[in-house]
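A short worksheet on the structure shown next.
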Amino acid sequence: MAENKTKPTAASVDDFISSIDNPRRRKDALVALEMYQEITGFSPVMWGPSIIGFGSRQYVYETGRTGNAPVACFSPRKAHMTFYVGDSFKGAEALFNRLGKHRKSVACLYINKLDDVDLTVLRKIITGQMLSRG
C-alpha cells in the first residue's frame, strides 16, 4: 500500500502563517488557529505543507488501510479557508444553514473570509465534527 502523503511535520505553524501573502487570509488563519486551540486543547502541528492540524487519531478503512490524521484541521488556501469538517454529526444541517456564506463538499467547508460567517456557529461545527470522530 502507498504511504500517506499528509503527515505531521516539524515545520513551524507560525512561519507558515507569516508566509501567507494575503493579509486578510493571514488574519483569518490566526483567528482560526486560536479557535482550534481553544476547542481542541491541542497544540497546532503542520500536516504536510499547508494543513494545520490539532491532535492525532488513527483510522481504519473498510479495506484494512490504516493511518493517522489530525483530530481537527484547517488550511488557509489562496482561494479560501478550508475547514476539514463533514456534515454527518447531529445538528449539522441546522448549523450549516445558520453559518453564513460558504460552500461545502462531503468533507470540506470553504469560506472566503471569516467576516462572511457567524464564528459562534463555526465553533459549533468544528466541535460537532471533532466529537463525532471520537
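A heavy-atom distance below 4.5 Å is found between the side chains of Gln58 and Thr66. Contact annotation: the side chain of Cys108 never approaches that of Phe83 to less than 4.5 Å [non-hydrogen atoms, C-beta and beyond]. You'll find the side chain of Val117 reaches within 4.5 Å of the side chain of Leu119, heavy atoms only. Within the 4.5 Å cutoff, no side-chain heavy atoms of Lys90 are placed close to those of Leu95. Using a 4.5 Å cut-off on side-chain heavy atoms (C-beta onward), Val71 and Thr40 make no contact.
Residue Gln129 holds its CD atom at 12.0 Å from CD1 of Ile39, rounded to the nearest 0.5 Å. Atom-to-atom distance recorded for Met46:CE and Thr6:OG1 is 10.5 Å, nearest 0.5 angstrom. Taken to the nearest 0.5 Å, the NE2 atom of His102 stands 7.0 Å off from the CD1 atom of Ile125. One distance of note links CG of Asp14 with CD1 of Ile52; it measures 9.0 Å at 0.5 Å rounding.
For the residue pair Cys73 and Ile51, the shortest heavy atom distance occurs at CB-CG2, 3.7 Å. In terms of heavy-atom proximity, Lys124 sits nearest to Phe89 at O-CE1, 4.4 Å. Here the shortest heavy-atom pairing between Met81 and Ala32 reads CE-CB, 3.9 Å. Contact record, Asn112 with Ala79: OD1-O, 3.5 Å, taken as the closest heavy-atom pair. Heavy atoms only, all atoms of each residue included: Ser56 and Asn68 are closest at OG-CB, 3.9 Å. Between Tyr110 and His80, the shortest heavy-atom contact is CD2-NE2, 3.2 Å.
For the salt bridge (charged side-chain N to carboxylate O under 4.0 Å, His left out) condition, the pairs that include at least one residue of residues 19-40, sequence neighbours left out, are Glu38-Arg123.
Between the Ser75 side chain and the Ser50 main chain, a donor and an acceptor come within less than 3.5 Å of each other.
The residue from Phe16, Tyr36, Trp47 that alone fulfils the ring-ring contact (aromatic ring centres under 6.0 Å, His included) condition with Phe74 is Tyr36.
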Original post:
How far apart are the C-alpha atoms of Leu122 and Leu99, what are their side-chain angles, what is the distance that settles it, and do they pass the side-chain contact (heavy atoms from CB on, under 4.5 Å) test?
Top reply: CA-CA 7 Å; Leu122 180 57; Leu99 179 60; 4.0 Å; yes
